[in-house]
Amino acid sequence: MTKFLKISLIILLSLLITALIPLFIFAVITKDAHLDVNKLISPSHNIIIIDENGNEVISASTSNKNKSVDVDELPENCKNAFIASEDRTFYSHNGLNYKRMIKAFFKNIAARSFKEGASTISQQLIKNTHLSNDKTIKRKLKEIKLTKKLEKRFEKDEILEMYLNTIYFGHNCYGLQSAAEFYFDKNAEALTLEESATLVGLLTSPNNYSPFKNPEKSLKRRNTVLKCMLECNFIDSQTYDKAIAEPLSAVMPKSYGKNADYIHAIFDEIEALDINAYNLTEGCTVKTYLDTDLQNFIENLSFNCDNSVIITTKSGGISAYKSTIGGAKRQPGSTVKPIFVYAPAIEEKILSPDTKINDEKIDYNGYCPENFDKKYHGAVSVTESIKNSYNIPAVKTLNTLTVEKAEKYMQKAGFSFENDEKNLSLALGGMKYGLNLKSIADLYSVFSKGGVYSSSAFIKEITTKDGKIIYKHFPSTSRVYSEGTSSLMNEMLIETSKSGTAKKLRNFNFDVASKTGTCGTAEGNTDAYSINYTSEHCIGIWLGDKNNNRLNITGGGSCTGYAKEILSKLYISRTPAALDTTSGTEQIIIDAEEYEKNNRIIIADPLSPKLNNKTIKVLKNNSPKEISSRFSYPKIEKPVLSVKDNTVNIQLCQTKYYAYLIKRRFQGKNEEIYDGVWKNEITDKPKAGTYIYSVTPYFINGDKKIYGEEIILPQVYISDGAAPPQIKIPDIANKDWYNL
C-alpha cells in the first residue's frame, strides 16, 4: 500500500468517525425517547384541588375526552390561522424547519441563551405531550427524534388534528373545542375568522393575551395573526381590513357550580406563574388557601349587579374569591388616594395626618377637579380629606409630591404607570387600564404588614402523583413604606370606618381600616369599591357593570354593606388584634391656636398653658422645626387707635391667654390706663393735650408676668376747643440751610 493510499484511508476513517460521533451521541441521549400514541390522542390532565384543611374541593377534569375536533369539519380560516401564525411550511416540511432551526441556532449563540425555539407544529405537539418545557439540548434532541417518528407514522392532517385537540389556550382549556366553548360559547366548527385569530393569539402566552384580562393586548395580538394570514394569502386585503376593524367578541362565561370562580383563578395563577400547563398530568394535586365555608358564604350573598369579592389573609393566602368579571381591570376611583398619594407623601415627610390643606377651587393648566358634593370645604386636615374622600386635597398633594415620586413607591410593589397616566388625574384613579381587585387588596395589605408588600396567592403547593413538589408558594416581599407611615395610615383609615365614608362599620368592637371609592357621572356610577382590612384579613369588594352601564351604587353604600356582612361572619366568635397605630411614630405638642387660626403646625411654647396645647402624631423624626414663642415672648398685631369726640379708642386684636398693659405719655410722664385681660376696646378720655399711647402684651405664668414687646401707637391730640398748637418751623428762607 502506497503512502498516499494510507494517508487517504486515515483521512477517510477520521471523517467517518467524525460523522458517526454526533450520531452516536444522538442515539445515546435519545435512547429512551419513545412515541406514545395514547399521549397524542387522549392526554390526561385530571388534577385534584384541595382546600386549606386538606379536603378535596373538586376533581378538576381537564381531559379532552368527548371534546375533540375533526380537522375536516373546521372552517378553512380556522385551520389557516394556526398554519399562518405557528408554522407556515407545515404541509411542505418533514416535521423540522431546518432553515428556521439554523437561524434560531445563531440567534441563541449571540444571545447566549435558548431564547429562539423555531418549533414546528409537529415539534410543539411532541413537546406538549411527551416532554418537559426545559430548554436544554437533551430535550431538544429527544424532540427532534420523536418528531421524525411522528411524521413517519401520521399524515399531516392527523398531526394537525392531534395538535388542535391538545394545545392549551389558557383558563383551563385544553384543545380547540374547549377553548371555543369557553371563550365564545360555541362549537369549534362554527368559529369565525376573527374568533379563530383570537384563539391563535392566545398560544404565545394565554395569561398575557386573554381577552378577559388584557383585552387591549388580545386585540393587538389577534390583528397580528390576521396580518400573518394576509401575508400567506389565506385572506385578501379587503377581508383583512374588515376583520381588524371588528371588536373582540369573546364573552366572559358564566361560572357554574361551587367554587367555580376560585378554580378559574387557580388556573389563571398557574399561567401567571409560568408553570407548564402540560405538566399538570393525571394525579397532580393543587393545595390551595381556600376556606370552603367562607367561600360558600360569599357565593350566597345576594348581588343584583356584576360583582367581585376577595378575602386575603395576613400570611398572603386568598381565603375566598368570586367575580363575575374574572380578573379584569377597572377604574379604581378614590381607592388609590391613600396608596398613590397620601402614604408616599407621608413617607417623603411632606405632610402628616393633621396637616391642613386648603380645599378650594384649583386650575392646573385646565385640569379643574371638583369634590363629589360640588362644594369647597376650606382648610381640612389630611385625615378629614381621606375619611370624607375629598378630591381637591388629593390632587394638591400629588402636585406637591409629583407623579414620579408616587410611582417610585408603586414600583417597589411591582406596579408602574403608563406614560399617558402620569398626570394629576392619577390622584383620583384616572388610569388607562385600571387595576383589578386583587391588586388593590394587596396594596392595602401593605399597611397592616408594617409597610411590607407581598402578593397574595390562591395556590399553596402543587405536587405530582408520586409526591414530587413542582411548585411551592414562597411569597417574595419588598418594603414599600416605613412602619411609621403604615401606622399613620392605619389610624386614618380606621377613622374612615368610624366617622367617614365607611361609617357603616363603626359599631364593630375591633379595628377596621377602610377606604371607599366610586366612579361615575351624574347619570349614575360604573364602579364602586369598599376596601377593608383588620390585623388578620383584607376584604375587597367591587360592584358595577362590566359593560359600564350606569347603576345606583356607591362605595359607602352597598359595597360597605356587604363588607359589614363579611366582617360579621369572619369574626362571629372572636376578635382580631388591634392594628398598629404607634410604631415608627411620635407624639408632639403643638400650638393649638396657631393651628386653628393659621393652619400651621408648630411646636408649642414651653410656657404654653395646657388649654393651648394640642397633641398630634407624626412620623418619627418629622417634627416641625419651628417652636412657638407666643408665651415666652408675647406678640400681638398692632392695635388700631382712633379719636372721636375727644375720646381715645384702642381696639385690641383678640388673643387668648394674654393680658395687656396700656400706658399714655403726657409731657414726659407715663400713666397706666389699663392693666388686665383682653377686651375688644379700651377707651380713654384725657384732658386737652398731646398724648402717646403704648400697648404691651404679657402672659401670666404662675406668679410671674412675662412681658412682650411694647407697641407705640401714633400721637394723638385732644382739643380744648381752641386751635391746635402749631409746631414752630425754622425760617430757612432767610438762613443758610446747610448750617441749620
Side-chain angles (χ1 to χ4, degrees), residues 212-213 215 251-255 260-262 264-265 294-312 318-339 372 388-389 391 428-431 433-444 456 493 496-497 500-505 512-533 537-570:
F212 306 135
K213 290 188 282 185
V251 178
M252 177 67 70
K254 294 181 180 179
S255 297
D261 291 335
Y262 198 101
H264 277 307
L294 191 59
Q295 179 71 22
N296 185 57
F297 179 80
I298 67 169
E299 287 184 358
N300 285 299
L301 288 173
S302 179
F303 298 98
N304 57 3
C305 61
D306 285 314
N307 56 85
S308 288
V309 179
I310 190 168
I311 304 172
T312 66
I318 298 174
S319 298
Y321 171 78
K322 76 177 296 289
S323 177
T324 62
I325 59 169
K329 296 178 179 180
R330 302 287 298 191
Q331 293 302 309
S334 292
T335 62
V336 303
K337 291 173 183 174
I339 53 182
F372 69 95
N388 295 315
S389 203
N391 292 335
L428 309 183
M431 303 182 73
Y433 300 118
L435 295 170
N436 60 38
L437 188 62
K438 178 180 179 297
S439 296
I440 297 173
D442 287 348
L443 286 168
Y444 270 88
S456 59
L493 294 170
T496 303
S497 293
T501 57
K503 59 180 176 290
K504 282 188 175 183
L505 309 178
V512 182
S514 300
K515 183 70 186 78
T516 63
T518 306
C519 303
T521 64
E523 288 73 38
N525 299 321
T526 55
D527 302 87
Y529 294 87
S530 183
I531 311 299
N532 315 271
Y533 64 90
H537 295 90
C538 182
I539 301 135
I541 299 170
W542 170 87
L543 299 178
D545 183 86
K546 60 187 174 185
N547 297 317
N548 291 321
N549 292 317
R550 299 300 192 264
L551 301 172
N552 184 24
I553 52 172
T554 61
S558 301
C559 270
T560 303
Y562 289 121
K564 184 177 181 180
E565 290 187 58
I566 294 171
L567 284 163
S568 298
K569 166 68 176 176
L570 274 172

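- You'll find the side chain of Val309 stays beyond 4.5 Å of the side chain of Tyr321, heavy atoms only.
- With contacts defined as side-chain heavy-atom distances shorter than 4.5 Å, the pair Thr518/Asp527 does not qualify.
- In this structure a side-chain-to-backbone donor-acceptor pair under 3.5 Å is present from Tyr562 to Ser302.
- Just one of Ser530, Ser334, Ser497, Ser389 meets the side chain to side chain donor-acceptor pair (under 3.5 Å) condition when paired with Lys515; it is Ser389.
- Leu551 is linked by a side-chain contact (heavy atoms from CB on, under 4.5 Å) to Cys305, Asp545, Ile553, counting only residues two or more places apart in sequence or in another chain.
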Would you sort out whether Lys337 and Asn391 count as a side chain to side chain contact (heavy atoms under 4.5 Å, CB included), showing the intermediate values?
CA-CA 9 Å; Lys337 291 173 183 174; Asn391 292 335; 2.7 Å; yes
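- For the pair Asn525 and Arg550, the minimum side-chain heavy-atom distance is 4.5 Å or more.
- Side-chain contact between Ile325 and Ser308 is present, with heavy atoms from C-beta onward closer than 4.5 Å.
- Under the 4.5 Å side-chain criterion, counting only non-hydrogen atoms from C-beta, Ile541 is not in contact with Tyr529.
- Under the side chain to side chain donor-acceptor pair (under 3.5 Å) test applied with Thr516, the options Thr560, Thr501, Asn532, Thr496 reduce to a single match, Thr501.
- Using a 4.5 Å cut-off on side-chain heavy atoms (C-beta onward), Lys546 and Thr324 make no contact.
- By the side-chain contact (heavy atoms from CB on, under 4.5 Å) test, Ser456 pairs with Thr312, Ile318, Lys438, Asp442, sequence neighbours left out.
- Within the 4.5 Å cutoff, the side chain of Leu570 has heavy atoms near those of the Ile539 side chain.
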